[in-house]
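Residue numbering restarts at 1 for every chain, and letters A, B, ... go by the order of the sequence lines. The figures that follow rest on heavy atoms only: side chains count, while hydrogens, waters and symmetry mates do not.
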Protein chains: 2
Amino acid sequence: MRAGGPLDAEMILSATEDVLRRHGPAKATVVDVGRALGVSHAAVYKHFPSKTALREAVSRRWLNQDRDALAAIASDSEIPPRQRLRSWLAALLASKRAKAHDDPELFAAYRILVTENSDAAAEHVTDLLRQLQGILADGVTSAVFRDADPAALALAVFSATTRFHHPAHTGDWQTPGVEDELDAVCTLLIDGLGHPDVHP
Amino acid sequence: MRAGGPLDAEMILSATEDVLRRHGPAKATVVDVGRALGVSHAAVYKHFPSKTALREAVSRRWLNQDRDALAAIASDSEIPPRQRLRSWLAALLASKRAKAHDDPELFAAYRILVTENSDAAAEHVTDLLRQLQGILADGVTSAVFRDADPAALALAVFSATTRFHHPAHTGDWQTPGVEDELDAVCTLLIDGLGHPDVHP
DNA sequence: TTGGTAACAGAATTCAAATTGTGTAACCTG
DNA sequence: CAGGTTACACAATTTGAATTCTGTTACCAA
């Protein structure tokens, strides 16, 4: 059960993840987490003030995996902004999709946890929006994107791709054509519906 | 309770709506519907084969209200396609938003009913997509939209506006800036991120 | 003094018994 | 015979007693 040394936050978070996967978020108790670690449940309370705080910490850790993976793409100035936007959005879909596909129980558990803790979700959105804004700002600087407020642009792009990253649409991500649909939306966002002739 | 004449489908549907509003979808029973009409529950079964069928019928009636209201805009060839697209999407948001705001209990009830009966939801989406496709086809004909498959274009536009019509995002519709956010997305869809200079 | 235990009160959850609801059948009535 | 009734089997839901979980306290060990 318990590996050599004393308990630390990371061990507890990992154990919590296991318990979540096995029992689901509704039945996962801190007694279970204690048992998984070979300690009493009171020991867990030495590290986290409440069950809610523990669930929040575990949610944050999970969301931050995506954030960190995407940050690499967002800040890669080797890739031109248009392609970078496409790659970033595709990677966002791909990483969420992979999580949902590879470990459905765990994904379902986190889905519920994150909707409960809307603070963690809101901060995650803020993080992603900041990354997106960086890409768009680069595009504005290099004059491939129209000169508008990058924050407003980021929000609009994020809104327009809701179906490809919001957990409410998890079911859609398993259908074959999703990547192509995201690609079609990207094309519309980058080039618009506008016929070349109507542009000045 | 029971108004003069014999029971018909419409009377039952209206009574069902009342029961749904009062008790919510989880507690609404066909015994309640019978009671509201002053008849036994078995009388309801003379008109609908099952509780599921009754719920489906009431869902369809509800969804068709929006469909019919929007059809008027979609087929109004007086309005130029670009503006028609904007108006149609704005009206879609407005009508759902109004329902959610004016009678939250009933809206919540229908939200659950419709997610249960995914057939009705799927058909509703098909209806809306057909309307949208009509607008886009007009735009392609009059050369204000790029010459692409209107069906694919419709799907992309519908996907990109998911946040403004999908019931999972009902909460967002009450926040002050939504209409402006939809407008920003519309602008992006119509004109794209592209800077005029990069167009041929 | 940090990291652990066991014991506890009150809140939350489970489980089986009792109630209520669904769908059908056999039967009236204009 | 269309449109209603009552009566019924069995499925689903509610209810309340018994159990389990949360968060705290008092205490122990390195």
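Under the 4.5 Å side-chain criterion, counting only non-hydrogen atoms from C-beta, Leu132(A) is in contact with Val157(A).
Contact annotation for Lys51(A): backbone-only contact, meaning every heavy-atom pair under 4.0 Å involves sugar-phosphate atoms and none involves a base.
Below 30°, between 30° and 60°, or above 60°: for His169(B) and His166(A) the angle between ring planes is above 60°, a perpendicular geometry.
Residue Glu116(B) forms a salt bridge (Lys or Arg N to Asp or Glu O under 4.0 Å) with just one option from Arg111(B), Lys51(B), Arg55(B), and that option is Arg55(B).
For residues 18-34 of chain B, proximity to DNA chain C is found at Thr29(B), Val30(B), Val31(B), defined as any non-hydrogen atom under 4.0 angstrom from a strand atom.
Following rounding to the nearest Å, Arg35(B) (CZ) and dT5(D) (C1') show an atom-to-atom distance of 17 Å. Rounded to whole Å, atom C1' of dG4(D) lies 12 Å from atom CD1 of Ile12(B). Straight-line distance from the CZ atom of Phe48(A) to the P atom of dG3(C): 12 Å, rounded to whole Å. Atom CZ in Arg55(A) sits about 10 Å away from atom P in dG23(D), given to the nearest Å. Rounded to an integer number of Å, the gap from CG of Leu37(B) to P of dT5(D) is 10 Å. For Met11(B) and dG4(D), the CE to C1' distance is 13 Å, given to the nearest whole Å.
When each of dT24(D), dA25(C), dT22(C) is scored by its nearest atom to the side-chain atoms of Tyr45(A), the top-ranked nucleotide is dT24(D). Candidate nucleotides dG3(C), dG23(D), dG3(D) were compared by shortest atom distance to the side chain of Lys46(B), and dG3(D) ranks first.
For Phe107(A) and His101(A), the distance between ring centers is not under 6.0 angstrom.
One N or O on the side chain of Thr162(A) and one on the backbone of Ser159(A) form a donor-acceptor pair closer than 3.5 Å.
Distances shown here put every side-chain N or O of Ser40(A) at or beyond 4.0 Å from the OP1 or OP2 atom of dA6(C).
The base of dG23(D) is paired with the side chain of His41(A) by a donor and an acceptor separated by under 3.5 Å.
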Next item on the list: Check the pair Thr29(B), Asp32(B) against side chain to side chain donor-acceptor pair (under 3.5 Å), reporting the backbone distance first and the verdict last.
Entry: CA-CA 5 Å; Thr29(B) 72; Asp32(B) 290 330; 3.1 Å; yes
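Heavy atoms only, all atoms of each residue included: Arg86(B) and Asp183(B) are closest at NH2-O, 3.2 Å.
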